[in-house]
Number of protein chains: 2
Amino acid sequence: MPKPGLKETVTDCPAPAQQPRREQILDAALELFAHHGLNNVTTRQIAQRVGISQPSLYAHFPNREAICAEVCLRAMDTLYVMLTTALDPLASLRTRIITLGRNYVQFGLNNEAAYRVAFMGDVTGDELPERDRVMGAGLRAYEVLYALAVEACGGESHDCALLAQSIWASIHGLVSLLLSCREFPWVDIDGFIDRHIDILADQLCRASVQQSGPSMRQI
Amino acid sequence: MPKPGLKETVTDCPAPAQQPRREQILDAALELFAHHGLNNVTTRQIAQRVGISQPSLYAHFPNREAICAEVCLRAMDTLYVMLTTALDPLASLRTRIITLGRNYVQFGLNNEAAYRVAFMGDVTGDELPERDRVMGAGLRAYEVLYALAVEACGGESHDCALLAQSIWASIHGLVSLLLSCREFPWVDIDGFIDRHIDILADQLCRASVQQSGPSMRQI
DNA sequence: CAATTAACCTATCAATGATAGGCTATCATT
DNA sequence: AATGATAGCCTATCATTGATAGGTTAATTG
């Protein structure tokens with residue numbers, strides 16, 4: 001019983017210890033999502049790319065949304081890593097916020113699907129919990145920004161929270177707009193990004209000098 | 001010509017000349033979209049609300065997307081009207097940008113579905129042309145902001161375009177974030193909005209004084 | 001070797017957008 | 001008033017898509 005066929009699915013790949021199915025599925029999904037957008041990819045497409053039948057996906061994930069969620073979650077984790085590892089604690093506040101901003105924008109432009117799910121309400125299905133998990137992962141990125149605002153304001157405060165949220169809104173607007181209006185005649189995208197981030201840096205630094213000027217909090 | 005039965009569909013409503021079917025469909029769709037989101041409303045739901053069969057929709061619109069597009073297009077038209085009529089040409093630049101900003105944000109929060117289609121890439125189907133029409137209508141709102149930037153900069157220029165786009169990104173970010181992260185613990189939404197718009201006003205006014213200060217462009 | 005388990009596959013659902021074809025009533029023309 | 005055209009609807013039916021049911025194969029375990 002040599003049985004040469006049939007087993008191919010598993011023994012196809014020579015030696016490299018064959019990536020587990022679950023990972024293969026996530027990889028295939030990631031690539032398809034990046035190419036066609038989260039909502040233009042069917043479970044059948046994912047399955048075909050992996051080389052298995054469509055129902056087989058459900059042996060590894062409870063539903064389509066879980067696949068989307070996991071792909072996006074992993075992406076948001078890399079965002080957090082990008083933001084934290086890029087910050088040199090010895091650099092000036094201004095340098096750090098600029099670095100943070102550039103990394104944030106770069107991530108958004110390179111990980112559209114995940115960014116949309118986390119921060120643009122791009123829903124992957126009717127269920128909220130999955131999206132909330134992705135958003136939660138994304139919010140860790142906000143925490144990094146918030147920490148900078150705390151430092152600029154010399155401690156946590158109402159104003160400090162407002163500052164952080166305002167800067168977040170501005171930089172998110174940049175990413176969101178670039179993603180959504182790709183064919184808009186931007187004067188000069190790179191210049192636009194740099195300029196916009198510069199303005200945010202100004203905003204943060206203004207708060208910083210205001211705080212260190214009087215050198216005394218009111219109370 | 002008594003003929004009391006059957007004709008009800010048309011003679012049901014007493015005198016008010018019965019709104020045409022097409023309008024009824026758009027009204028029903030608008031309400032459902034506002035309630036459940038553009039992508040969570042089926043053609044059957046729309047039809048049921050109007051009181052006709054689902055295939056009958058296709059006598060008035062080529063497809064579902066056309067219904068979405070028309071609903072959103074009309075909404076974006078009201079945005080343009082809101083922005084233009086609210087601007088008192090005699091008011092200060094600062095007053096006008098603040099008014100513009102507040103109206104823009106208010107519109108976005110009250111017309112989520114349309115705003116998402118126009119500026120957040122919320123696709124109503126696979127077809128792009130319909131979405132482009134909606135975005136085009138939305139871009140007229142940007143033109144109003146752009147005009148303010150031109151005024152602040154004392155004429156069109158590269159910097160003026162950058163200024164307008166930067167302000168647009170910031171205010172769009174505010175709307176987009178509030179729409180997408182509804183459960184985020186915003187310190188104080190109204191304060192956040194006002195503060196954010198104030199900062200945009202500063203940005204615009206700074207460009208204005210810079211221009212009128214030296215009183216000479218660097219040719 | 002038997003039993004368990006993991007991973008698949010085929011067949012099939014239900015929901016959804018869309019099409020085909022026929023019925024009814026109004027209206028213009030004779 | 002009879003006739004033909006047209007508008008507007010309806011029932012039946014598709015194809016696509018996410019998801020489930022039930023059975024089969026093969027590796028693991030006792």
Side-chain angles (χ1 to χ4, degrees), chain A residues 1-13 17-26 28-29 32-33 36-71 123-127 130-131, chain B residues 1-13 17-26 28-29 32-33 36-71 123-127 130-131:
Chain A
M1 229 215 215
K3 199 178 301 182
L6 273 175
K7 188 57 192 329
E8 295 164 326
T9 329
V10 177
T11 39
D12 225 1
C13 205
Q18 181 87 2
Q19 213 182 7
R21 260 296 127 86
R22 196 183 149 85
E23 296 300 315
Q24 288 180 13
I25 294 173
L26 290 173
L32 287 170
F33 290 160
H36 307 100
L38 207 62
N39 297 310
N40 297 320
V41 174
T42 70
T43 53
R44 285 170 173 80
Q45 287 175 299
I46 298 174
Q48 182 181 31
R49 186 167 245 264
V50 175
I52 60 179
S53 74
Q54 179 254 354
S56 288
L57 293 177
Y58 293 81
H60 303 274
F61 298 90
N63 49 43
R64 185 194 119 106
E65 196 170 354
I67 300 177
C68 299
E70 181 129 354
V71 167
V123 190
T124 68
D126 302 355
E127 300 306 326
E130 295 298 345
R131 188 181 109 71
Chain B
M1 227 212 230
K3 201 177 298 182
L6 278 174
K7 187 58 190 329
E8 295 164 325
T9 329
V10 178
T11 38
D12 224 2
C13 205
Q18 179 86 4
Q19 213 182 8
R21 261 296 127 86
R22 197 183 148 86
E23 296 300 315
Q24 289 181 13
I25 294 173
L26 289 173
L32 288 170
F33 290 160
H36 306 100
L38 206 62
N39 297 312
N40 298 319
V41 174
T42 69
T43 53
R44 283 171 173 79
Q45 285 175 299
I46 298 173
Q48 181 179 31
R49 187 167 244 264
V50 175
I52 60 180
S53 73
Q54 178 253 354
S56 288
L57 293 177
Y58 293 81
H60 302 274
F61 298 90
N63 48 43
R64 186 194 119 105
E65 196 170 354
I67 300 177
C68 299
E70 181 129 354
V71 167
V123 189
T124 67
D126 303 355
E127 301 305 327
E130 295 296 344
R131 188 182 109 71

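Residue numbering restarts at 1 for every chain, and letters A, B, ... go by the order of the sequence lines. Note: hydrogens, waters and symmetry copies are ignored here, and every other heavy atom, side chains too, is used. Note that this is a predicted model, so its numbers are computed, not measured.
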Rounded to whole Å, the CG-C1' distance (B/L57 to C/dA18) equals 11 Å
Interatomic distance, OG@A/S53 vs CD@A/Q48, rounded to 0.5 Å, equals 12.0 Å
Review point. Does A/Q24 reach the side chain of A/I52, with side-chain heavy atoms less than 4.5 Å apart?
Key: no
Rounded to the nearest 0.5 angstrom, the OG-CD1 distance for B/S56 and B/I25 is 8.0 Å
Sorted by chain and number, sequence neighbours left out, side-chain hydrogen bond (donor to acceptor under 3.5 Å, both in side chains) with B/R49 holds for none
Between A/V50 and A/R21, the two heavy atoms sitting closest are CG1-NE, 3.8 Å
Value for CG (A/L57) from CD1 (A/I46), rounded to nearest 0.5 Å, stands at 6.5 Å
Intra- and inter-strand pairing of DNA chain C, written as dot-bracket with Watson-Crick and G-U pairs under 3.5 Å and | for the latter, reads ||||||||||||||||||||||||||||||
Readout for nucleotides 13-20 of chain D: B = base within 4.0 Å of protein heavy atom, S = sugar-phosphate only, - = neither; 5' to 3' it is ----BBBB
Between CZ of B/R22 and P of D/dC9 the distance, given in whole Å, is 13 Å
Rounded to the nearest 0.5 Å, the CG atom of B/L32 sits from the CG atom of B/N40 at a distance of 11.0 Å
On the nucleotide D/dC9, are OP1 or OP2 found under 4.0 Å from the side-chain N or O atoms that B/H60 carries? yes
Rounded to whole Å, CD of A/Q48 lies from C1' of C/dC8 at a distance of 17 Å
Separation between CD (A/E70) and CZ (A/R22), nearest 0.5 Å, reads 4.0 Å
query: Within the structure, does a side-chain N or O atom of B/S56 lie under 4.0 Å from either OP1 or OP2 of D/dC10?
result: yes
Rounded to whole Å, the CD-P distance (B/E23 to D/dG8) equals 13 Å
Using a 6.0 Å cut-off, check whether atom CD of A/E23 has over 12 heavy atoms from anything other than its own residue.
yes
To the nearest angstrom, the CD-C1' distance between B/Q45 and C/dG17 comes to 13 Å
Taking only side-chain N and O atoms of B/R21, does any of them lie within less than 4.0 angstrom of OP1 or OP2 on D/dC9? yes
